[in-house]
Amino acid sequence: MNIYHPIRMDQIASLRKRREHQNAAALQNKMLELLTKKKVSTRRLAADTSHLEKQNEEEQFDEESSVPWRAIVDAEIREAKACFGERGRNIFDMTLVSSMFRNVDADDVVIEDTEVPFGAVYAHFGNSAKLTIGDDRWIEGAYLREVNHGREAEVSIIFVCNHPEADITDVVPLGITYKRLTTAVSVSLPRTMSVGVAVKERGFSGDPAIIVQSAVLGDALRMAVNGLLYINLPRADVEFDYPEAAPRELVSQAIKVDDTSKVRRSRTTLDALGYVRVNFCGRAIRAKHGVALAGMSQGGRAVAEPHWRRGHWRRVAVGVGRAGREWRMIEPTIVNASAGVPKRGKIHIVHPMPGPNG
């Protein structure tokens, strides 16, 4: 079962509270033991911080845990998650389309009037996005939310990473988990700036080990904007559902729009089991672009190697008098798809149509 970052943070917060209570109880018992055996005075015990320091050492809260940038990132993530929670906890799972997004040009896109649905969402890219930052680490998703700094409207984006030990956090030291959760970077994308310019000029803040990987961060920003444009499409392939591993009998009730006691009970049960409602993107597209491995020849003659012809976004006129504007995605296509999985792509830079202001 996939554990999305916002849900994982909830579970870790609960675990951390439980673990800290256990550590506090153990510390109290140790102090009582020392006092009972009269091995130390109350005054000396109150001044002794070695027991607390030992607990922090055991939980692996070290110097790396308290560097200034980590505290700032931690505060930013908590603010983004709080906003995400206030706006309905909307998660968009893009694992099925993130590989396609890598073949869709977005550098010329300006998100001037593209809304963040609900004002704040979490977009999950998964490992298929190939935003790798280490042997077992990658950028797995991003919190997106509307912000206004004075008169300038921006979209705040916080990129978060996977947790290689997410399935065993109950036995992993809290310090390790804390550092994993705060391995992140943030950036603000002005609504008047193209993605290509933002990649070159906007500064990222957060984990220095990620900031130096400018190519990965550029791809991550393009991925986030592709995802934002995609979920704003009038006919986007988005399905509101629970993860496939969730009990289907409960799911069939929980996804109903009726507000009945049975529906509420099903949702409560699924929540208790750790299954969250998610907007899954690209389930229909998966079938369209799925290709099987095959030979590199047909009828005894050589054929061109399969490759992606890159997609792009186009601004089109819509509505009465064609006065409105909306984005349309020209999907990437696979040339010679029957010959196998593409290993390369052909880049086509396509400039968007001018808007009403030129």
Side-chain angles (χ1 to χ4, degrees), residues 1-12 73 76-78 80-85 87-102 104 106 116-133 136-145 155-167 169 180-187 189 206 210 216-217 219-233 236-246 251 255 270-271 273-286 289:
M1 178 176 62
N2 184 22
I3 303 178
Y4 301 97
H5 191 273
I7 311 306
R8 193 162 69 236
M9 282 194 69
D10 289 341
Q11 295 178 346
I12 296 303
V73 167
E76 289 180 344
I77 292 176
R78 293 183 185 281
K81 184 177 176 297
C83 188
F84 158 85
R87 304 299 176 86
R89 298 171 63 84
N90 288 282
I91 296 173
F92 287 83
D93 188 317
M94 300 180 178
T95 53
L96 298 179
V97 290
S98 59
S99 59
M100 180 183 71
F101 288 160
R102 292 190 68 87
V104 177
V116 176
F118 315 103
V121 299
Y122 176 73
H124 180 80
F125 309 136
N127 195 21
S128 58
K130 298 181 180 179
L131 301 173
T132 306
I133 58 173
D136 61 349
R137 307 298 301 282
W138 58 81
I139 294 174
E140 71 169 5
Y143 293 89
L144 294 90
R145 60 193 174 99
V155 173
S156 172
I157 307 173
I158 299 178
F159 295 103
V160 294
C161 297
N162 68 312
H163 186 350
E165 298 163 324
D167 293 335
T169 49
R180 296 292 198 190
L181 286 176
T182 52
T183 300
V185 294
S186 63
V187 66
L189 177 61
I210 305 178
V216 176
L217 289 178
D219 287 343
L221 184 55
R222 295 180 183 99
M223 183 73 61
V225 171
N226 271 320
L228 178 60
L229 292 176
Y230 183 83
I231 60 181
N232 272 281
L233 289 173
D237 178 15
V238 178
E239 182 180 356
F240 186 65
D241 197 359
Y242 284 83
E244 293 181 359
V251 169
I255 61 176
L270 286 167
D271 287 343
L273 292 173
Y275 297 102
V276 295
R277 289 169 287 173
V278 177
N279 299 286
F280 289 94
C281 302
R283 284 183 169 178
I285 289 178
R286 173 178 56 180
H289 289 293

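Quick caveat: nothing in here was measured; it's all calculated off a predicted structure. Numbers here are sequence positions counted from 1.
Distance check, rounded to the nearest 0.5 Å: CZ of Arg102 to CZ of Phe125 gives 11.5 Å. Interatomic distance, CZ of Phe159 versus CD1 of Ile139, reported as 6.5 Å (0.5 Å rounding). With rounding to the nearest 0.5 angstrom, the CG atom of Asn127 is 4.0 Å from the CH2 atom of Trp138. To the nearest 0.5 Å, atom CZ of residue Phe240 and atom CG of residue Asn90 are 7.5 Å apart. Expressed to the nearest 0.5 Å, how far CE of Met94 lies from CG of Leu228 amounts to 7.5 Å. Going from atom NE2 of His124 over to atom OG of Ser98 covers 8.5 Å, rounded to the nearest 0.5 Å.
With a 4.5 Å cut-off on side-chain heavy atoms, Ile77 and Val160 count as touching. No side-chain heavy atom of Ile91 sits less than 4.5 Å from a side-chain heavy atom of His5. Inter-residue side-chain proximity for Thr183 and Ile210 is flagged as met; some heavy-atom pair is nearer than 4.5 Å. Contact check for Ile231 versus Pro117: side-chain heavy atoms found under the 4.5 Å cut-off. Residues Arg277 and Ile255 are not in side-chain contact: their nearest non-hydrogen atoms beyond the backbone lie 4.5 Å or more apart. Side-chain contact between Cys281 and Leu96 is absent, with no heavy atoms from C-beta onward closer than 4.5 Å. In this structure the side chain of Leu270 reaches within 4.5 angstrom of the side chain of Val251, judged on heavy atoms.
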Derivation of the side-chain contact (heavy atoms from CB on, under 4.5 Å) call for Arg180 and Arg8: CA-CA 11 Å; Arg180 296 292 198 190; Arg8 193 162 69 236; over 6 Å; no
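The minimum heavy-atom distance linking Tyr242 with Tyr275 is given by the pair CE2-O, 3.7 Å. Gly119 approaches Arg87 most closely through the heavy-atom pair CA-NH1, 3.4 Å. Shown here for Ala123 and Leu144, the closest heavy-atom pair between the two residues is CB-CD1, 4.0 Å. In terms of heavy-atom proximity, Cys161 sits nearest to Arg137 at CB-NH2, 3.8 Å. The two residues Asp237 and Ala284 make their nearest non-hydrogen contact at OD2-N, 2.7 Å. Shortest non-hydrogen contact noted between Val73 and Ala184 is CG1-CB, 3.8 Å.
For Tyr122, the ring pair (Phe, Tyr, Trp, His ring centres under 6.0 Å) test picks out Tyr143, with sequence neighbours left out.
A salt bridge is defined here as a Lys NZ or Arg NE, NH1 or NH2 lying under 4.0 Å from an Asp or Glu carboxylate O, and Asp10 with Lys81 meets this definition.
Within the 3.5 Å criterion, the main-chain N or O of Arg145 finds no donor-acceptor partner in the side chain of Ser156.
If you run side chain to side chain contact (heavy atoms under 4.5 Å, CB included) between Phe101 and each of Leu229, Asp219, Asn226, only Asn226 comes through.
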